Structures are given as C-alpha cells and as structure tokens.
Protein chains: 2
Amino acid sequence: MKGDQDLYTLQPIASLTMADQVEAQLHEYIIKRAIRPGDAIPKEQELADALGVSRNVVREALSRLRMLGLIDSKKKRGMILTRPDVMKGLERILHPAILDEQVRKQLFELRLVLEVGLGDLIFARKTEVHLKKLDAIVERERKATTQIEKIRCELDFHSTLYEMAGNDTLKRFQTILLPVFEYVVEYESKLQHTSVGSVTHADLVKILYSNNAEEFPNAMRKHLSPHFQHL
Amino acid sequence: MKGDQDLYTLQPIASLTMADQVEAQLHEYIIKRAIRPGDAIPKEQELADALGVSRNVVREALSRLRMLGLIDSKKKRGMILTRPDVMKGLERILHPAILDEQVRKQLFELRLVLEVGLGDLIFARKTEVHLKKLDAIVERERKATTQIEKIRCELDFHSTLYEMAGNDTLKRFQTILLPVFEYVVEYESKLQHTSVGSVTHADLVKILYSNNAEEFPNAMRKHLSPHFQHL
DNA sequence: ATGGTACTTATGTAGTACATAATATTTAAT
DNA sequence: ATTAAATATTATGTACTACATAAGTACCAT
C-alpha cells in the first residue's frame with residue numbers, strides 16, 4: 001500500500017489514565033525533591049486537590065508506589081517514604097508458570113552468567129564457616145542415594161555460593177530466580193540426560209580453599225557446561 | 001472489650017489491607033488457573049461481589065497488577081492477561097537518588113559479576129557486525145580528547161557487550177542499572193583516580209576475535225580490577 | 001507527673017453516579 | 001440484500017460522599 005510509510009510517524013496513542021499520570025508525577029516528585037526515607041509526603045486529599053483529580057485516582061497511584069515499597073502509610077501518621085525494596089516487584093512476576101518460554105530461558109542464562117562471574121565476590125568474603133558448609137554439602141551429596149536428595153544438594157551448594165558472595169541483593173535475586181531454574185532444569189532433563197560437567201562440586205571447593213581466584217570462572221564454566229550446550 | 005489478652009500470644013500483626021489481600025488472591029487466581037496471555041478475567045464488579053469488597057478495593061489491586069504488566073485493560077473489552085514485563089517494576093525503583101547507599105554498592109557489584117560471566121553468551125552469539133562495532137568504539141576512544149567522550153566510549157563499549165550476549169532480559173537489566181553505575185563511578189572517582197585496568201578494551205576485542213572463550217573471564221576481571229579493589 | 005477521656009485527623013472501605021470508549025444491535029439508504 | 005449510519009449496551013475510568021478505624025493531640029482529673 002502507498003500510505004504504509006506514513007504510518008510509521010504515528011505514535012502509539014498515549015492513552016494514559018489519570019492514575020498512570022499521577023503515579024508518574026508522584027514518582028518524579030519524590031526523586032526531584034530528594035526526599036529522604038522517613039520524610040512525610042502530603043496527604044491524599046491535598047495531593048488530589050493539587051493535581052485536580054479525585055482522591056480515588058490518587059489512591060490508585062499511591063497503591064502502586066506502596067506495593068513497590070516506595071512508601072508506607074499509617075492510619076493517621078500519613079504517608080512516609082521508605083527505602084524501596086528493589087526486589088519486591090520482581091518477586092510477584094517471576095513465577096515460571098506465567099512467564100514467556102523465551103524469558104524463562106533468558107533468566108536461566110542470567111543465572112549461568114551470574115555464577116561464572118561470582119568468583120571475586122566469593123574470594124573477597126569467604127570464611128572458614130562457609131567453606132565447612134560447602135564441605136558438608138559435598139559429603140551429603142556423596143552419600144545421597146535418591147535423585148531428589150542429589151538435587152537438593154545441588155541447590156544447597158549453589159545457594160551457599162551466593163551467600164558467600166556477601167551481597168544481599170544478589171542473594172535475594174537468586175532466591176527469586178530459583179523457581180525459574182527448577183522449571184528449566186526439569187525441561188532440560190527431558191531433553192537429554194544432563195551429564196554432569198567435568199568439574200564437580202568438590203573440585204570447586206578445592207579451588208575456593210586455595211586462594212587462586214583466577215581458576216574459579218573457568219572451573220565454574222566447565223561445571224555448568226552441560227547447560228551452556230543448550231545455548 | 002473483655003479483659004486483656006495474654007501479651008505473649010500477640011504476634012506481629014500483619015495488618016494487611018483489603019487491597020493487599022485482594023491483590024494476593026488475584027495473583028494466586030491467575031497462577032493457579034494457568035491463565036494464558038490473552039485470556040479474559042472477570043469484570044471488576046464481578047470480582048468485587050465474589051470477594052465481598054467494594055469495587056474500589058478491587059481496582060486498587062488491579063491497578064498494581066496492571067502496573068506490573070500482568071494485565072491489560074481496555075474500555076469495554078474487559079481485562080486480559082498479558083505477558084508480564086519482568087523488568088517493569090525494577091525500572092521505577094532503580095533510581096540512584098532514592099536507593100540506599102548499600103544497595104547501590106550491591107548493584108554495582110552485580111554489574112561486575114555480570115560482565116565477568118558474560119563471556120560464554122557473547123562467544124555463542126557474536127557476529128562480525130558486533131565485532132566491527134567494538135572496533136569502531138575502540139578507535140573512537142583512542143581519538144577521544146575530552147573526558148566526557150572517553151566515558152561515553154566506555155559506556156558504549158560495555159553496552160555493546162551486553163547486546164552481543166543476545167539476551168534481551170539481560171540487556172534490559174543493564175540498561176536499567178546504568179544510572180546506578182554512573183552514580184557509583186562518580187563516587188569512586190572521588191575516592192581515588194580510577195586507574196585503568198591492565199587489560200584494555202582493545203585487548204578484550206582481540207580475545208573476542210579469537211575463539212578462545214577461556215581467556216575472557218580473567219581478562220574482564222583484570223579490566224575491571226580497579227573496581228574490584230573497592231570490595 | 002500520671003493516666004484517662006474526648007477530640008481530631010488521615011487513611012481505609014463502601015457505595016452511588018456518571019463519563020468514556022468499544023462492542024453489539026438496529027435502522028436507514030443505495 | 002448489503003452496506004452504512006444511528007442507537008443501545010456494557011465495562012472501565014473518574015468523581016464524590018459518607019463513614020469506619022486507628023493514631024495522634026489536648027485537656028482534664030486524681
């Protein structure tokens with residue numbers, strides 16, 4: 001058709017609801033004014049009046065910010081800004097069942113990337129206690145008879161690595177991603193027998209006992225190599 | 001009304017609002033029923049009646065889910081489930097100014113982890129076009145005179161690496177994290193002159209031209225070593 | 001001062017009414 | 001009869017009011 005090119009100039013109609021706009025404005029308000037956690041923000045009715053919308057709309061916008069952990073509200077105290085919880089939004093969405101197949105795959109790749117790169121944080125912060133814990137898991141895995149027990153050890157081992165990294169945000173991220181991983185692992189196991197990588201958990205622990213951070217990334221790459229094959 | 005209750009039995013009161021509970025229930029409803037994107041969900045009034053709350057409350061809950069990208073709503077068509085946008089919630093929160101200092105630091109560490117571990121995805125998906133693009137950036141950087149131009153090249157280079165990984169979720173994640181990085185880099189630059197790592201961008205490109213994925217993680221570690229020192 | 005009482009205030013919830021836009025239905029026109 | 005226009009229908013979006021509830025505040029009595 002002739003007019004097709006012209007169509008590109010058309011932008012998707014904004015069609016933002018009032019609540020959307022109010023949310024955006026409040027967000028900007030918070031950021032621009034550099035409001036510190038603990039500070040109070042205007043009352044709902046004041047905001048409604050100032051913005052020229054109904055309190056209802058303001059509440060919808062505030063409800064979203066509250067969900068994100070940006071604000072907290074008490075009955076009479078009004079609303080105060082809180083330290084936003086970075087991972088809160090992710091928690092609600094990252095449920096394997098409602099994720100696109102492709103996104104699931106991408107999140108799984110993200111996990112591989114994280115674990116390969118995790119080395120330096122671990123080496124910087126590992127303690128004897130951590131290493132002993134890994135030893136125990138490896139030992140438990142060696143004795144494990146059932147498949148379920150082995151999988152549990154697998155999860156424990158890698159979770160402990162994230163713990164050792166001493167980065168709460170990262171650890172939390174991993175926890176949120178866990179169900180996605182399980183989902184993908186199950187899918188992979190149907191695809192082919194997940195051969196164990198040439199580097200075992202025991203090998204990884206040995207490297208961690210040494211102080212040779214250089215070896216870690218490639219060791220982990222080899223450990224995860226069965227998964228990398230699916231790229 | 002009656003006498004006082006035993007204080008020991010008092011638990012940290014949850015004090016969930018109706019909207020909170022409705023949100024949780026709707027969330028569960030969506031997941032349990034395995035509703036596929038495109039499917040319709042009941043009307044607001046129906047939900048309100050079924051849950052025994054006012055439509056107002058239902059709307060607050062729906063508003064949150066809509067913000068997360070879980071549902072979409074058109075005027076008459078009702079509401080339909082959509083593919084949730086994994087990163088949407090993060091986008092709104094990850095503004096450096098409102099983040100805890102510690103969280104900022106942790107996110108910056110996350111970036112280091114990501115880039116060190118990024119190698120295998122890049123090697124699996126890199127193309128000639130990508131490599132040429134990196135060449136161009138390195139060349140631009142070599143000729144750069146101002147500090148600003150150099151920093152821009154720095155950002156472009158690393159952004160391109162994420163692009164090469166061919167993982168949209170990951171790329172998006174990096175884009176969202178960018179402002180946080182800038183914030184931290186500025187902070188670091190005050191702390192001490194950010195000496196360039198012993199491995200340059202040109203060195204990294206050379207490795208990417210070769211097909212030796214083994215070298216990448218440690219090369220990147222050395223490249224980023226000035227940042228790692230702040231651990 | 002201490003403790004209680006009543007008052008005040010801001011959020012939370014309910015309910016009604018209407019605007020708006022998209023669909024469905026009916027009517028009109030060629 | 002098929003198409004086009006007008007109309008009715010319906011679900012979301014917005015506004016407004018009213019009241020419940022909890023958390024401060026002030027005031028009072030002992």
Side-chain angles (χ1 to χ4, degrees), chain A residues 10-27 29-30 35 37-82, chain B residues 1-5 7 10-27 29-30 35 37-82:
Chain A
L10 294 179
Q11 293 180 5
I13 295 280
S15 142
L16 289 173
T17 67
M18 293 282 179
D20 292 331
Q21 298 175 51
V22 170
E23 184 208 335
Q25 284 212 40
L26 287 178
H27 203 268
Y29 171 86
I30 290 173
I35 301 180
D39 292 355
I41 53 181
K43 301 153 198 140
E44 294 180 352
Q45 192 58 59
E46 288 175 11
L47 290 171
D49 294 343
L51 293 164
V53 297
S54 97
R55 189 160 83 96
N56 220 327
V57 169
V58 172
R59 278 189 64 80
E60 275 195 33
L62 288 173
S63 174
R64 301 178 189 178
L65 299 182
R66 195 160 40 238
M67 183 201 57
L68 293 178
L70 262 171
I71 61 175
D72 193 13
S73 53
K74 290 270 158 62
K75 262 294 161 68
K76 151 108 189 234
R77 183 107 183 221
M79 290 167 298
I80 58 171
L81 205 66
T82 61
Chain B
M1 297 186 119
K2 205 107 171 269
D4 7 309
Q5 298 177 344
L7 282 175
L10 294 180
Q11 293 172 10
I13 194 147
S15 153
L16 288 173
T17 66
M18 293 282 181
D20 291 331
Q21 299 176 49
V22 171
E23 183 208 336
Q25 284 213 39
L26 288 177
H27 203 268
Y29 171 86
I30 289 172
I35 301 180
D39 291 355
I41 51 182
K43 300 151 197 143
E44 292 180 354
Q45 192 58 58
E46 288 175 11
L47 289 172
D49 294 342
L51 293 164
V53 297
S54 94
R55 189 161 83 97
N56 223 327
V57 169
V58 172
R59 278 189 64 80
E60 276 195 34
L62 288 172
S63 174
R64 300 178 190 178
L65 300 183
R66 195 161 39 239
M67 183 201 56
L68 292 179
L70 263 171
I71 61 174
D72 193 12
S73 53
K74 291 268 158 61
K75 264 291 161 67
K76 150 106 190 237
R77 183 111 183 217
M79 289 168 300
I80 59 171
L81 205 67
T82 62

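Note that this is a predicted model, so its numbers are computed, not measured. We name chains A, B, ... by the order of the sequence lines, and we start the count at 1 in each one.
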Any side-chain N or O of [X] under 4.0 Å from OP1/OP2 of [N]?
X	N	result
A:Arg55	D:dA18	no
A:Arg59	D:dA15	no
A:Ser54	D:dT14	no
A:Lys43	C:dA10	yes
B:Ser73	D:dG13	yes

Can you check the [X] [atom1] to [N] [atom2] distance for me, whole Å?
X	N	atom1	atom2	answer
B:Leu16	D:dA22	CG	C1'	16 Å
A:Glu44	C:dT9	CD	P	16 Å
B:Glu60	D:dT14	CD	P	14 Å
A:Asn56	C:dC18	CG	P	17 Å
A:Asp72	C:dT11	CG	P	12 Å
A:Ile80	D:dG24	CD1	C1'	15 Å
A:Leu51	D:dT14	CG	P	13 Å

Inset, instruction - With DNA chain D as reference, determine whether A:Lys74 or A:Met18 sits nearer its 5' end, using the nearest nucleotide of each. - result: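 The 5'-side residue here is A:Met18.
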Quick one: does [X]'s side chain get under 4.5 Å of [Y]'s, heavy atoms only?
X	Y	value
B:Met67	A:Leu68	yes
A:Glu44	A:Met79	yes
A:Val22	A:Glu60	no

Legend entry - Proximity to the side chain of A:Arg66 - top-ranked nucleotide from D:dC16, C:dG12, C:dT13: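 Per side-chain heavy atoms of A:Arg66, the pick is C:dG12.
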Inset, instruction - Look at the side chain of A:Lys75 and decide which nucleotide, out of D:dG13, C:dT11, D:dT14, has an atom nearest to it. - result: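 Selected nucleotide: C:dT11.
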Inset, instruction - Nearest-nucleotide wise, let me know which of B:Gln45 and B:Ala19 is further upstream toward the 5' end of DNA chain C. - result: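 Its nucleotide being nearer the 5' end, the pick is B:Ala19.
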Legend entry - Distance-minimising heavy-atom pair for B:Ala61 and B:Leu26: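 For B:Ala61 versus B:Leu26, the nearest heavy atoms are CB-CD1, 4.2 Å.
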Inset, instruction - Compute whether any side-chain donor of one residue and acceptor of the other, for A:Gln45 and A:Asp49, lie under 3.5 angstrom apart. - result: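 Their side chains do contain a donor-acceptor pair, which is all the 3.5 Å distance test asks for.
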